[in-house]
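Small disclaimer: the values here were computed from a predicted structure and weren't measured.
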Amino acid sequence: QVQLVESGGGLVQAGGSLRLSCAASGRTFSSYRMGCRMGWFRQAPGKEREFVAAISWSVSNALYADSVKGRFTISRDNAKNTVSLQMNSLKPEDTAVYYCAAKFGIGYTQPSEYDYWGQGIQVTVSS
């Protein structure tokens, strides 16, 4: 199995920055980490969960939603088994609960493709 624990959310003014982290652990993760893909999703009240960014443990290329491209950066620390999301130039519309997710196999952007989820962490951007 894979356990995911997010940290780093909070309240920030528009234009500010936050950094989210996701610590991954578990037997399945340890055995198959290089085949694992990690994603960040978010869900605002009354809206569906949407893709934000994703990265693979084996290669350094990352994928971003158009709404965050140029403002958010996803990265990983192989030694610490953590994936981070640096969020700059935050906007009120970025307000949501942010989720870290993990999967094995193809696909990056659909929530249904991910098998493991963190508990979620609130990010609130005030105007």
Side-chain angles (χ1 to χ4, degrees):
Q1 68 276 30
V2 179
Q3 287 84 42
L4 304 171
V5 178
E6 300 106 334
S7 61
L11 173 65
V12 65
Q13 288 188 333
S17 299
L18 280 175
R19 185 177 181 88
L20 304 182
S21 291
C22 174
S25 62
R27 180 178 297 179
T28 302
F29 175 77
S30 298
S31 298
Y32 302 105
R33 189 185 71 171
M34 299 310 288
C36 183
R37 297 183 178 183
M38 303 292 294
W40 284 98
F41 292 79
R42 65 187 182 186
Q43 189 166 17
K47 295 188 176 181
E48 293 187 351
R49 193 168 297 187
E50 65 174 3
F51 170 76
V52 175
I55 193 168
S56 168
W57 284 103
S58 59
V59 295
S60 60
N61 61 305
L63 189 65
Y64 297 94
D66 288 342
S67 59
V68 306
K69 201 171 294 183
R71 300 188 297 123
F72 291 12
T73 302
I74 189 171
S75 62
R76 69 178 192 277
D77 185 328
N78 287 10
K80 296 181 179 180
N81 288 336
T82 58
V83 174
S84 297
L85 185 69
Q86 178 66 42
M87 305 185 294
N88 299 329
S89 302
L90 283 161
K91 305 175 182 179
E93 50 264 43
D94 294 317
T95 295
V97 176
Y98 283 69
Y99 296 90
C100 175
K103 68 179 300 295
F104 300 91
I106 62 174
Y108 268 112
T109 65
Q110 299 301 315
S112 59
E113 295 171 329
Y114 286 76
D115 299 309
Y116 305 96
W117 292 85
Q119 78 282 2
I121 193 163
Q122 180 70 44
V123 170
T124 302
V125 184
S126 62
S127 57

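Scored by the disulfide bond (SG atoms under 2.5 Å apart) test, C100 finds C22 as partners (sequence neighbours excluded).
For F41 and Y114, the gap between ring centers is short of 6.0 Å.
Atom OG1 of T82 and atom CG of L20 lie 12.5 Å apart (nearest 0.5 Å). Rounding to the nearest 0.5 Å gives a distance of 11.5 Å between OG of S112 and CZ of R49. For the atom pair NZ (K91) and OG (S127), the distance works out to 14.0 Å, reported to the nearest 0.5 Å. Of the inter-residue distances, the one linking R33 atom CZ with S25 atom OG reads 12.5 Å to the nearest 0.5 angstrom. S126 OG to Q13 CD: the interatomic distance, rounded to the nearest 0.5 Å, is 5.0 Å. In this structure, CD in Q1 is found 13.0 Å from CG in D115, a value given to the nearest 0.5 Å.
Applying the salt bridge (Lys or Arg N to Asp or Glu O under 4.0 Å) test to pairs two or more places apart or on separate chains, those with a residue in residues 69-78 are D66-K69, R71-D94.
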Would V123 and V125 count as a side chain to side chain contact (heavy atoms under 4.5 Å, CB included) here? Give the steps.
CA-CA 7 Å; V123 170; V125 184; 4.3 Å; yes
Test side chain to side chain contact (heavy atoms under 4.5 Å, CB included) on R42 and L85; report intermediate values, then the result.
CA-CA 12 Å; R42 65 187 182 186; L85 185 69; over 6 Å; no
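Not a single donor-acceptor pair under 3.5 Å links the side chain of Y108 to the backbone N or O of E113. T95 places no side-chain N or O within 3.5 Å of a backbone atom of T124 that could act as its donor or acceptor partner.
Between Y99 and G118, the shortest heavy-atom contact is CD2-O, 3.7 Å. For the pair Y116 and L4, the tightest heavy-atom approach, listed with the atom from each and the gap, is O-CD1, 3.5 Å. Residues C36 and A102 approach most closely at SG-CB, 3.9 Å, considering heavy atoms. A pairwise comparison of heavy atoms in Q122 and A96 identifies NE2-O, 3.5 Å as the closest pair. Summarising the geometry of L18 relative to G10, their closest heavy-atom pair is CD1-O, 3.9 Å, with the distance given to 0.1 Å. The heavy-atom pair separating W117 from P111 by the smallest distance is CZ2-O, 3.4 Å.
Within a 6.0 Å sphere centred on CD of E48, other residues, nucleotides and ligands contribute 12 heavy atoms or fewer.
If you chain together hydrophobic residues whose side chains sit under 4.5 Å apart, W57 and F104 fall into the same group. When hydrophobic clusters are built by joining Ile, Leu, Val, Met, Phe, Trp and Tyr residues whose side-chain heavy atoms come closer than 4.5 Å, directly or via intermediates, Y32 is grouped together with M38. Side-chain heavy atoms closer than 4.5 Å link hydrophobic residues (I, L, V, M, F, W, Y) into clusters, and following such links, possibly through other members, connects F51 to V97.
No side-chain heavy atom of Y98 sits under 4.5 Å from any side-chain heavy atom of E6. Within the 4.5 Å cutoff, the side chain of S84 has heavy atoms near those of the R19 side chain.
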